[in-house]
*Asks:* 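There's a structure below that I have some questions on.
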There are 2 protein chains.
Amino acid sequence: MRASDRAYHQLRQEIITWRLAPGTVLAEVEQAGRLGVSRTPVREALSRLMAEGLAATEGRRGVVVAELSVTDLEQLFELRETLERKAAGLAAARGDRGRFRRLHEQFLHAEASLDAPEEVEAYYALVGELDAALDEECGNAYLALSLRQLRPHLQRLRRLAHDQPERLAASAREHAAIAAAVADGNPGLAAAATTVHLSASLKHLHHSQSGQGTLAPAHSVHLTTHESESR
Amino acid sequence: MRASDRAYHQLRQEIITWRLAPGTVLAEVEQAGRLGVSRTPVREALSRLMAEGLAATEGRRGVVVAELSVTDLEQLFELRETLERKAAGLAAARGDRGRFRRLHEQFLHAEASLDAPEEVEAYYALVGELDAALDEECGNAYLALSLRQLRPHLQRLRRLAHDQPERLAASAREHAAIAAAVADGNPGLAAAATTVHLSASLKHLHHSQSGQGTLAPAHSVHLTTHESESR
DNA sequence: TCGGCCCTTTGTGTATACAGTGAAAGGAGT
DNA sequence: ACTCCTTTCACTGTATACACAAAGGGCCGA
């Protein structure tokens, strides 16, 4: 794998998991030293992160990790609903029904076995499979591209929520409903089920952040020592 | 302005205006020599173009100008309608009505004076102003970002259409209807007017390309000699 | 004459050197 | 003591050098 790819994936992961907090300065020389590559791959990685919106140039301070406010949360979900409703509807109209029928059954099965912590990991992987299936079966590469560009931001938001078992179970049922509607070839119902799921998800996220103006992850993250070095 | 910015803007413009045809190989050393900068800014420019989807890596052939098929045309308009309907609706709900009232009057005025060729330029600039107004007044930075990422592809498609005066006049009326609906604060009507405009626009584009499997610009473009050098 | 192997050339990926600019800190003057 | 100016440092932007990989062509052998 190329060094620029490694730098990109590592920085991306660290931003999504909040190990690199919003506002952290991503100086080229510092990151190059930390990641063990030269400045050139780091520059390419930062370019890609800026194109995704995970990083931004902040005046003269250089490249910083993008901020994430309650306003961002609401705007991201507004766009997400628009895109995912359309994708679900198109997949219901054009997609491979058997694929979503299988996903439907997997979600029903996952709901019953969401007790163990390792099952939560598997559940998130299943959600990712449904996302990928909608991307592919909606038959619109540009719509899928927009959704893929949106997803890293949503993954970052996910870390804000507490993983309450009852919410995960409800989420599984909502995903099952989406998959069922797509499998039935019902675009209107698929879009409606998407709205239902996203409304519940947004409400849960809002509740997790109740009162706070600035967003912060649910479980405090083991902070790296690098930002103190970067002073 | 930075050299990488100049390289990016020039390559972008040449791709949008079809002076760099789809499939053209964008070799780093070749473009560096042609644009009068070194490989480093060219690399950054190519990265940005690939992030936008205007260029893509094609196996071992390196970076090439992205292809554009009839399928792309239809998928781009499908996504465009989804995003612009939402943006128009949000702008109608939240936006500054006076701004769209003024744009409405400008479109009515433009329709009456679309005879001179320089008026066509001014008309396209006015369309750009409406787009920018929707971006800003929809109150959703992520939606605006998605729209801005979509627009270079649409600009490339625009070159496929013949600028027939009657179509431009109809387009002006359709844009006026959108601006009026937003100015009236009517989200449903704004979305509907957007669908009306895009349907007519897509139909006109399809008609301009009737019968051809591969897309080509309406007026043959003065081809650069560079692709023959790049063999 | 045809096929296979080797060599050369071209292009990308990475590292590093150099220059220009902006910011911050310290010293001097009022 | 405070403010302003100067100097220095650090960072980005750009250029270039080097290594490695692949593809194409030419040559040699069968």
Side-chain angles (χ1 to χ4, degrees), chain A residues 1-12 14-15 20-66 224-231, chain B residues 1-15 20-67 224-231:
Chain A
M1 184 185 269
R2 300 185 307 194
S4 59
D5 284 342
R6 279 191 294 108
Y8 165 72
H9 283 111
Q10 180 165 347
L11 284 172
R12 185 177 187 274
E14 289 178 344
I15 292 173
L20 284 172
T24 305
V25 176
L26 299 173
E28 292 179 6
V29 284
E30 175 198 355
Q31 299 303 320
R34 189 167 72 89
L35 302 176
V37 296
S38 84
R39 280 180 56 208
T40 309
V42 171
R43 281 183 72 83
E44 184 166 332
L46 292 180
S47 286
R48 292 168 70 178
L49 292 171
M50 288 170 56
E52 280 183 302
L54 288 177
T57 60
E58 191 164 315
R60 303 287 190 286
R61 288 180 54 202
V63 179
V64 300
V65 177
T224 66
T225 61
H226 305 293
E227 54 253 81
S228 50
E229 290 171 1
S230 77
R231 300 297 316 164
Chain B
M1 185 186 272
R2 299 184 310 194
S4 59
D5 284 342
R6 279 191 293 110
Y8 165 72
H9 287 295
Q10 181 165 349
L11 285 172
R12 185 177 187 274
Q13 202 61 24
E14 288 178 345
I15 293 173
L20 285 173
T24 304
V25 176
L26 299 173
E28 292 179 5
V29 285
E30 175 198 353
Q31 298 302 320
R34 189 168 71 89
L35 302 176
V37 295
S38 84
R39 280 181 56 209
T40 310
V42 171
R43 283 181 72 83
E44 183 165 330
L46 292 179
S47 286
R48 292 169 70 178
L49 292 171
M50 288 169 56
E52 280 183 302
L54 288 177
T57 60
E58 193 163 312
R60 302 288 188 282
R61 289 179 55 201
V63 179
V64 300
V65 177
E67 300 286 343
T224 66
T225 60
H226 305 293
E227 56 253 81
S228 50
E229 291 170 2
S230 76
R231 300 295 315 164

*Asks:* One character per nucleotide, please: for nucleotides 9-19 of chain D, 5' to 3', B when the base has a protein heavy atom closer than 4.0 Å, S when only the sugar-phosphate does, - otherwise.
*Replies:* --SBBBBBB--
*Asks:* Going by an N to O cut-off under 4.0 Å, is there a salt bridge joining A:Arg48 and A:Asp5?
*Replies:*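 Here A:Arg48 pairs with A:Asp5 in a salt bridge, since their nearest N and O are under 4.0 Å apart.
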*Asks:* Round to the nearest Å and state the distance from A:Glu58 atom CD to C:dG22 atom P.
*Replies:*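 Value for this atom pair: 18 Å.
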*Asks:* Please name all residues satisfying salt bridge (charged side-chain N to carboxylate O under 4.0 Å, His left out) with A:Arg6, sequence neighbours left out, ordered by chain then number.
*Replies:*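 Partners of A:Arg6 under the salt bridge (charged side-chain N to carboxylate O under 4.0 Å, His left out) test: none.
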*Asks:* Please list, chain by chain and in numerical order, all residues satisfying side-chain hydrogen bond (donor to acceptor under 3.5 Å, both in side chains) with A:Glu44, sequence neighbours excluded.
*Replies:*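 Applying side-chain hydrogen bond (donor to acceptor under 3.5 Å, both in side chains) to A:Glu44 gives B:Arg43.
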*Asks:* Roughly how far, to the nearest 0.5 Å, is the CG atom of A:Leu54 from the CG atom of A:Leu20?
*Replies:*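 Going from CG on A:Leu20 over to CG on A:Leu54, the span is 11.0 Å.
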*Asks:* Roughly how far, to the nearest 0.5 Å, is the CD1 atom of B:Ile15 from the CG atom of B:Leu49?
*Replies:*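 Between atom CG of B:Leu49 and atom CD1 of B:Ile15 there are 5.0 Å.
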